[in-house]
Every structure is written in structure tokens, then in C-alpha cells.
There are 2 protein chains.
Amino acid sequence: MSQDDAGIDLDTSLGYLLKEASSALRVAMEAVLRPLNMTITHYSCLELLSQRPGLSNSELARGTFVTRQSMNVLLQSLERDGQVIRPAEAPAGKALPARLTDRGRRSLQSATAAVRSVEVRMLESLTPTEQAAARAALRSMVASLKAG
Amino acid sequence: MSQDDAGIDLDTSLGYLLKEASSALRVAMEAVLRPLNMTITHYSCLELLSQRPGLSNSELARGTFVTRQSMNVLLQSLERDGQVIRPAEAPAGKALPARLTDRGRRSLQSATAAVRSVEVRMLESLTPTEQAAARAALRSMVASLKAG
DNA sequence: CAATCTATGTCAGAATACTGACATGAGTCA
DNA sequence: TGACTCATGTCAGTATTCTGACATAGATTG
């Protein structure tokens, strides 16, 4: 069997390793967010809104890597729960700028601390130089994938 | 507001970047696998079985980063479709060793080529040294996350 | 030897995200 | 101006994965 027919070498494939790492991160984040009754997408939405108030549904969807339909379902439940508010009418176009309520900010607070602790643990064995190299490599991969 | 209350900096967070990269990879893989009527988990299962014949349902689940319940659903449909076979009785314990059929191998062939092209594109701007550094960093992150 | 623990396969139901579709607002351009 | 393209919000239905639960096989342990 020639090398070209041998499939993807799972022990060295960066694609497989990327999936393994993101899976491990997802599991670790779910573990710390579950006690707070929060999913990863839920947390990501609040974190994004905290840092960029006024983002629309579609912008939040892109920032959390889900479809705008999925984000819309989440936003509606967050609105019902009083964590997020959106105006009844769009100030321009159709995009509705969303904002956190005080309740949303309180929910986010403990979640951010929990997620930060996971990220710290993930990076504990990497030097700042190695972290910078990883950042650069990941950015390059993202750019190449999106260019295709 | 002190730095500790500022949340996760999305522009530099390796956790966020990891999620972005895996999302971009997922989208790219789905795009090339969809014409072959194959999902990523479906492909991953066949690829794993091709390289490690006789893996059980639970082992396949761990290798593809889904629950054994999800893998079981997939395996049953693959068995119905004649791409995979499992013995009716376990040779030892309860684990049923799964194997690809010729039909499964044929399905895998074009999928492997498609996925390989995505991985090549993902890495086209990285030198072998940079790829090795990325591999080392990702392995370190996985180890640290699983240790917690 | 019996009790316990761990891993496995499987069923059932719930949660989550997705694709498809439609209407609407804004910008482009002939 | 009118046709066209594009982005957005939203509804509906589908698909996929997950959590919870149970029974069973093998290993461990007292």
C-alpha cells in the first residue's frame, strides 16, 4: 500500500490533534459551566455581549461559531430569562442591538472566572513564547481554511 | 474596572482561537464531505476502523470524541448500510470488534482524499518547523486539560 | 468465594444545533 | 426609478448529540 492510500495518520495529523484539543477544552468548559446551569454557547454569548455591547443576533452567531438560527433561539430564551434585552424596533436596517442586563452581567461573572481557570490550566505547561507560537500557527490555519 | 474583571480577551485567548480554528476546520470538512453524503463523525469512524480494525463501539467513540451512545447509533446505521460488520456475539467480554466491509472501504477512499486536501490547505502557510511547534503546543494543552 | 468496581452495549427521551424557507430593510447599478 | 443582490430576523422541521438508565461481563478485593 502506497503512502497516498494510507489515510490520515492520526498520531501526527494536526487536524485530528486540533479536534482532540478542542474536544478536551469543550469537556473541561462544560464541566465547570454545568454547575452554573450554563452551556458553552450561552456563556460565549454573554461574554461577547459584555465586551461588545450592541452586537446583533447575526454578529453574535458569527462570534460564537453557530448559525444565526441557533443564536436566535438562545437569545429569545435569554430575553425571557431577563439576561439580555433587545429593542422592539431596529434603529437601522433589521439588526437588533442586544445588551446585557444587570442579571446577565451577574450570571456572566462567575462563569468568566470558571472559564478563565480552565484556560489557565490548559496553558500551565507552555511558556509565553510557546503560547505565542501556538497563536500564530492557529491564526495561520484559520486564515488558510477561510481563504479556500 | 480591574484586569481581573475584564473577562476573557477574545483577541488573544488561545481557548477562543482554538474554538475558531476547529470551527473553521469543521466547516471546511463538512463542505467536502457533504457531496459524498458523509458527516465528519461518519468519516472519522471509517478512518479509525480502517487504521485500527476491530475497535469496539466504545473505543471508536473515544477516538472520534463523541459518547458511546452516539457512536452506537452511527454504527447501527452503518451496519444497516453494509459499510461495517460486527459479530453477533462478543469473542471476549461485551466488546464487539467492528470491521469495514469492502463497501465501507470504498466509501472511505474518496472521503480520505477530500479530507487530506483540506488538511493540506490548512497547513499551506506553515513551515514544517511551525507545524511541529503547533503539534507540541496542542499536545501539551490536551495533556494539561485531561490531567485536571 | 462473594461483593464491589469498572467497562461495555443498548434503549429511551431531552437538549442542542442544523438546513430550508420566507419576508424585510439597505445598498448597488443600469 | 426599478431590478437586483445581500444581510438580517424569524419560523418550522430535521438531524445529531447528549444525559439518564439498565443489564451484563470481567477484574479486583476483602
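What you are looking at is a predicted structure, and each value in this text was computed from that prediction instead of being measured. First the proteins, then the strands, lettered A, B, ... as listed; each starts at 1.
- Looking at heavy atoms from C-beta onward, Y16(A) lies out of side-chain contact with E119(B) at the 4.5 angstrom threshold.
- Of all heavy-atom pairs between M29(A) and V118(A), the closest is CG-CG1, 4.3 Å.
- Taking 4.5 Å as the limit, some side-chain heavy atom of L14(B) sits within range of a side-chain heavy atom of M141(B).
- Sequence order on DNA chain D of the closest nucleotides to P97(A) and R26(A) puts P97(A) first from the 5' end.
- Near DNA chain D, meaning a heavy atom under 4.0 Å from it, residues 66-76 of chain A has R68(A), Q69(A), N72(A), Q76(A) in order of number.
- In this structure, the side chain of S13(B) does not engage the main chain of I8(B) through any donor-acceptor pair within 3.5 Å.
- The closest donor-acceptor contact from the side chain of T64(B) to the backbone of L60(B) lies under 3.5 Å.
- dA25(D) atom C1' lies 7 Å from atom NZ of K94(B), rounded to whole Å.
- A salt bridge (Lys or Arg N to Asp or Glu O under 4.0 Å) check over residues 62-77 of chain B, counting only residues at least two apart or in different chains, returns nothing.
- Near-neighbour residues of DNA chain D inside residues 35-55 of chain B, defined by a heavy atom below 4.0 Å, number-ordered: T39(B), T41(B).
- Partners of N37(A) according to the side-chain contact (heavy atoms from CB on, under 4.5 Å) rule, which considers only residues two or more places apart in sequence or in another chain, do not exist here.
- In the helix from dC1(C)-dG30(D) to dA30(C)-dT1(D), the rotation axis of the first five pairs and that of the last five pairs differ in direction by 30°, rounded to 10 degrees.
- Residue M29(A) contributes atom CE, which lies 16 Å from atom P of dC18(D) at whole-angstrom precision.
- Contacts between chain B and DNA chain C, taken as any atom within less than 4.0 angstrom of a protein heavy atom, begin and end at dT8(C) to dT19(C).
- Position along DNA chain D of the nearest nucleotide to E59(A) versus E30(A) favours E59(A) as the more 5'-ward residue.
- In this structure a side-chain-to-backbone donor-acceptor pair under 3.5 Å is missing from D81(A) to Q83(A).
- Across A31(A) and P35(A), no two heavy atoms sit closer than the pair O-CD, 3.1 Å.
- No side-chain heavy atom of L74(A) sits under 4.5 Å from any side-chain heavy atom of V66(A).
- Salt-bridge annotation for K146(B) and E20(A): present, with a side-chain N of the basic residue lying under 4.0 Å from a carboxylate O of the acidic one.
- No side-chain heavy atom of S22(A) sits less than 4.5 Å from a side-chain heavy atom of K19(B).
- Taking atom CG on N57(B) and atom P on dA25(D), their separation rounds to 17 Å, with Å as the unit.
- The separation between F65(B) atom CZ and dT16(D) atom C1' is 18 Å, rounded to whole Å.
- No donor-acceptor distance shorter than 3.5 angstrom exists from the side chain of S140(B) to the backbone of A136(B), with no hydrogens or angles considered.
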